[in-house]
Structures are given as C-alpha cells and as structure tokens.
Amino acid sequence: SRAWPTVAAEVLDAGFQAVAALLDLADTTPLVPVGVRALEVHGALVDARHAFARRIDAHQYDVDLTDSDGRVLLRVTGLMLRPMLRPMLRPMGARAPHVFAPTWSAARPSEPLADRHARTLVVHHASARALADALRDTLGAATQLVALPASGAWALPTLGGVTQLMFLASQPDPRDDQRDVASVDAPATPRPTAQDAQRLFELVKQLLASGAPHDGLVIKVVTRGAADVERDAPVYPQAAALFGLARTLATEHPRWRTTCIDLPYTSRLVEDCAQLCAERSGERMIALRGGRRLVRTFEPVTSAPRPGRG
C-alpha cells in the first residue's frame with residue numbers, strides 16, 4: 001500500500017505566514033485561517049526554502065512552497081482567512097464567555113472583479129424576472145437566463161463552460177402588506193420556496209454528474225428579505241430554507257465559491273443588480289442593505305445579574 005506524505009504543521013504554518021506580506025498593514029484586525037479549498041503535496045517538505053503567496057480576493061490566498069530551484073513541493077489553493085472580532089479577544093486571565101449570539105456585522109466592501117466571467121447562468125423564479133433581465137443587461141451576451149417552471153419537471157440547462165451560477169429564489173410579492181409578511185398570524189402569499197431548494201439541489205447534482213472541472217465556480221444563491229437584519233424591517237422568512245443548502249454546498253464542495261446573498265425586502269433594481277455583479281463571494285452568507293455589506297458573526301452574551309442577588 002502507498003504511504004501518503006505527511007505535512008509538518010510548522011512548515012505549513014510558516015508558508016501561511018507569507019500571506020502577511022499581502023495584507024493591509026493599516027488594518028490591525030487579527031485574521032485566522034479557517035480552511036483551504038485544496039492541498040497538494042508534490043515533494044518532501046524538508047527541502048522547502050521559499051514561500052510564494054498570491055491574493056485571490058479579500059479573504060482567499062494561494063500559497064506555494066518550493067525548493068531552492070523553484071520546484072513546487074506543496075501547493076495550497078484557496079487558503080481562507082476570517083477576521084477575529086475584537087469582542088472575542090480578552091485580556092490574559094479574563095473569564096471566557098460561554099454563550100454567543102448570532103449578529104450581523106459590517107464588512108469591507110467587495111473588491112472589484114479583475115475580469116468578467118466567461119459564462120454566467122442565471123436561473124430565476126418568475127417573481128425575480130426583472131432582476132434577471134437587469135443582470136443580463138449588465139453582464140452582457142455571455143449571460144443565459146433560465147426560468148424555473150411553476151410546477152412539474154423541467155429541462156435542466158447545459159452547464160458546460162459556466163463559471164458563475166446565479167440562482168434567484170422567489171421574491172416577496174410587493175402587493176403584500178409589510179406587516180403581514182413578518183406576522184405569523186397573517187402570513188404572506190405562499191411562494192414555492194421549498195421547490196426553489198429542490199431546483200437548486202437538482203442543479204448541483206447535474207454539476208457533479210457532468211464530470212467537468214468546476215474549480216473556482218462561483219455560485220450565488222440570491223434571496224430577498226429573508227434575513228432578519230434591521231429592526232422593524234419586513235422579513236420574508238419563507239426563503240431562509242436556502243441558507244442551509246448554500247452553507248452545505250460551501251462546506252462539502254470547497255472548490256466552489258458558494259455564498260448566499262440576501263437583498264433588501266424592498267426592491268431597488270439598479271442598486272441590487274450592481275451589488276450582485278460586484279460581489280466576489282468571499283463570505284458564505286452576506287446581507288446587502290442600503291449600500292452596506294453585512295456578514296453573520298457571533299458576539300459574546302453577558303447575562304445581567306438577577307434582582308436580589310449579589
């Protein structure tokens with residue numbers, strides 16, 4: 001049987017440190033590695049002498065370790081770094097928090113794309129047709145629109161050569177009263193959101209069955225008003241089922257760049273289209289609100305002392 005090579009942790013960590021040369025020195029937010037898309041070992045790392053780092057986007061990097069002659073010994077693709085929030089850092093000897101609550105925090109603006117995608121496929125629910133048309137007008141002739149059927153079987157699109165897949169889920173009906181949308185007692189007009197998840201799952205199965213290389217494929221699952229971000233804002237929670245599926249895709253298929261992007265409940269077509277096209281999908285879940293880019297994080301929760309207790 002073949003013995004697989006081992007990677008010394010200290011050598012790998014030294015290679016990761018080369019990324020520091022590409023970071024913004026004015027930003028003192030600590031970054032921690034959370035995963036890699038792929039790791040290839042091509043030789044004995046005892047001969048490693050040089051580390052070469054390349055920036056892919058705001059949070060992803062590629063790193064090569066080479067010998068003195070430049071031969072690649074180890075290639076790390078898609079090293080993902082995430083900011084460690086300041087509230088999670090505590091002084092030495094301080095008591096560690098035990099309870100954390102999810103929250104939405106402001107993130108850096110998405111970096112501009114270096115080039116356009118070779119082919120973009122926009123699969124959309126009928127209620128998202130206006131947004132799909134705007135995306136095609138913005139992205140150009142290399143963009144294909146595929147409408148989801150109201151029910152029954154559908155002809156799956158050809159996925160060969162696709163570099164970006166945008167899935168536009170069902171949108172809230174603007175005729176619904178906003179108070180009804182967020183109310184359990186008076187729900188909004190039913191939408192086939194469960195069918196949306198099924199259609200996305202079918203697309204993923206076809207991607208896997210095609211056998212074509214899809215390294216670096218960008219998948220954007222787009223919802224509207226599904227994330228409860230702003231106080232007193234209407235919410236369309238029926239579409240939130242897609243959040244879990246998108247996160248599963250990101251975990252099980254790290255070579256893809258999958259993210260779920262939640263747009264504001266109230267449509268602003270020009271602004272929504274511009275932000276979707278510019279988004280480079282460095283995060284698994286993003287909420288776009290009024291020009292702000294928000295990501296899901298956790299913050300420690302401290303309980304207030306009970307009355308009558310010291």
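Positions are given from 1 along the sequence. Being a predicted model, the structure only gives us computed values, none of them experimental.
Residues L139 and M166 have side chains in contact (heavy-atom distance under 4.5 Å, counting atoms from C-beta outward). In this structure the side chain of L165 never reaches within 4.5 angstrom of the side chain of V218, judged on heavy atoms. The side-chain heavy atoms of V146 and Q144, taken from C-beta on, include a pair separated by under 4.5 Å. In this structure, the side chains of L135 and D133 stay at 4.5 Å or more apart for every pair of heavy atoms.
The CE atom of M285 sits 7.5 Å away from the CZ atom of R247 when rounded to the nearest 0.5 Å. The CD atom of E283 sits 11.0 Å away from the CZ atom of R257 when rounded to the nearest 0.5 Å. From L73, atom CG reaches atom CD of E40 across 12.5 Å, with rounding to the nearest 0.5 Å. A distance of 6.5 Å separates CG of D67 from CG of D47, quoted to the nearest 0.5 Å. Taken to the nearest 0.5 Å, the CZ atom of F167 stands 9.0 Å off from the NE2 atom of H125. In this structure, H124 NE2 and L145 CG are separated by 5.0 Å, a value rounded to the nearest 0.5 Å.
In this pair, F52 and H50 present their aromatic rings tilted. The plane angle is within the 30 to 60° band.
If you chain together hydrophobic residues whose side chains sit under 4.5 Å apart, V11 and Y61 fall into the same group. In the hydrophobic clustering of this structure, V63 groups with L22; members are Ile, Leu, Val, Met, Phe, Trp, Tyr whose side-chain heavy atoms approach within less than 4.5 Å, directly or through other members.
Of the candidates D262, D228, D272, R289 forms a salt bridge (Lys or Arg N to Asp or Glu O under 4.0 Å) with just one, namely D262.
Looking at E202 and Q206, their side chains never bring a donor and an acceptor atom within 3.5 Å of each other.
Ion pairing of R49 with D69 is absent here, as no side-chain N (NZ or NE/NH1/NH2) approaches a carboxylate O to less than 4.0 Å.
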